[in-house]
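Chain letters run A, B, ... following the sequence lines, proteins first, then strands; residues in each count from 1. Worth saying up front: this structure is predicted, and the values here are computed from it rather than measured.
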Number of protein chains: 2
Amino acid sequence: MLKREAADRVFHALADTNRRTVIERLTRGPATVSELAALLGVTVAATVQHLRVLQDSELVRSEKVGRVRTCQIDPAGLRNAEAWLRRQRTAWEHRLDRLGAVLDDQTKESES
Amino acid sequence: MLKREAADRVFHALADTNRRTVIERLTRGPATVSELAALLGVTVAATVQHLRVLQDSELVRSEKVGRVRTCQIDPAGLRNAEAWLRRQRTAWEHRLDRLGAVLDDQTKESES
DNA sequence: TGAAAAGTCAAGTATCCACTTAAGTATTCG
DNA sequence: CGAATACTTAAGTGGATACTTGACTTTTCA
């Protein structure tokens with residue numbers, strides 16, 4: 001189950017173009033902070049702030065070796081967000097199924 | 001393909017607890033503005049603002065009959081968000097597959 | 001007709017967010 | 001050692017956001 005604050009964090013993290021760009025980049029393999037900053041075209045400081053948001057929502061993990069921090073995807077956040085969306089969609093589809101069944105019944109009744 | 005601004009809108013819409021509560025409610029069936037306001041515990045005016053965000057991101061549709069506006073799920077937004085997440089996850093999984101294959105090859109080579 | 005109901009619109013406010021600059025701290029290496 | 005590199009942290013700024021209150025329109029119905 002995805003808790004309220006966790007869902008807030010994940011979707012808020014995904015609601016920014018630069019942060020989604022980071023995720024898209026990291027699905028292709030790890031990258032350093034400077035590489036991500038260059039990709040985004042913002043300062044390293046801004047990139048660090050984005051990374052904090054991404055890590056708090058379990059979308060990205062990172063490890064510092066020497067003076068270099070290497071970032072990679074953390075699939076937990078992605079899975080949580082996907083799970084929430086799938087729950088809503090399936091709840092909606094099941095409701096439509098039931099609704100369709102009721103309408104079929106009504107059609108049959110009016111035919112008889 | 002989910003465009004940048006569309007993705008910004010959808011994920012931003014989902015990043016608010018009250019708006020997700022509206023979506024969860026609407027997967028169970030339509031509701032009026034006042035019903036949603038009562039559910040959220042905020043003013044009707046605030047609810048209308050949330051609904052505008054949800055409609056702009058194609059997560060909710062609504063129709064006004066007489067003086068009552070009835071809201072329901074619009075599956076387009078949900079599908080868009082789910083599609084983006086699935087794309088990232090599968091890109092990530094494929095990368096892991098390739099990485100695994102390379103490691104297997106290296107293992108075989110070192111064995112021979 | 002006229003009052004209640006349902007929603008809409010505008011303005012105000014407090015807070016949050018993404019970004020910057022500037023000044024740090026480690027770490028590497030010539 | 002000392003300069004360059006890679007990152008970190010703090011403070012400031014402009015703009016967006018979530019909410020409120022209050023005035024308004026439209027619709028219903030006794």
Nearest whole Å is fine: how far is [N] [atom2] from [X] [atom1]?
X: B:Lys64; N: C:dT8; atom1: NZ; atom2: C1'; result: 7 Å
X: A:Leu54; N: C:dC17; atom1: CG; atom2: P; result: 14 Å
X: B:Leu36; N: D:dC19; atom1: CG; atom2: P; result: 14 Å
X: A:Asp16; N: D:dT17; atom1: CG; atom2: C1'; result: 15 Å
X: B:Glu63; N: C:dT8; atom1: CD; atom2: C1'; result: 18 Å
X: A:Glu35; N: D:dA6; atom1: CD; atom2: C1'; result: 12 Å
X: A:Leu14; N: C:dA18; atom1: CG; atom2: C1'; result: 16 Å

Looking at [N], I'd like to know if its phosphate oxygens (OP1 or OP2) sit under 4.0 Å from a side-chain N or O belonging to [X].
X: A:Thr43; N: C:dC19; result: no
X: A:Arg52; N: D:dT8; result: no
X: A:His12; N: C:dA18; result: yes

- Message: For a quick check of understanding: with a heavy-atom distance under 4.0 Å over all strands, which category does A:Val44 fall into, base, sugar-phosphate or nothing?
- Response: base
- Message: Regarding A:Val68, tell me which of base, sugar-phosphate or nothing describes its non-hydrogen contacts under 4.0 Å with the strands shown.
- Response: sugar-phosphate
- Item | A:Glu5 and A:Arg9 ion-paired at < 4.0 Å | no
- Task: Choose from D:dT8, D:dT20, D:dA18 the nucleotide whose nearest atom is closest to any side-chain atom of A:Arg69.
- Result: D:dT8
- Picking from D:dA18, C:dA18, C:dC19, the nucleotide nearest the side-chain atoms of B:His50 would be D:dA18
- Task: Could you tell me whether the side chain of B:Thr21 reaches within less than 4.5 Å of the side chain of B:Leu40, counting heavy atoms only?
- Result: yes
- Query: Do A:Arg25 side-chain atoms and A:Pro30 backbone N/O form a donor-acceptor pair below 3.5 Å?
  - Reply: yes
- Query: Which comes earlier along DNA chain C counting from the 5' end, the contact point of A:Val53 or that of A:Gly66, where each point is its nearest nucleotide?
  - Reply: A:Val53
- Item | Check: D:dT5 base within 3.5 Å donor-acceptor of A:Arg67 side chain | yes
- Any donor-acceptor N/O pair under 3.5 Å between D:dT20 base and B:Gln49 side chain: yes
- Parallel, tilted or perpendicular for A:Phe11 and B:Phe11, by the 30°/60° rule? parallel
- Which residue lies more 5' along DNA chain D, comparing A:Leu51 with B:Val65 via nearest heavy atoms: A:Leu51
- Message: Which residue is it: B:Leu78, B:Leu51, B:Asn80? I am looking for the one with a side-chain contact (heavy atoms from CB on, under 4.5 Å) to B:Leu59.
- Response: B:Leu78
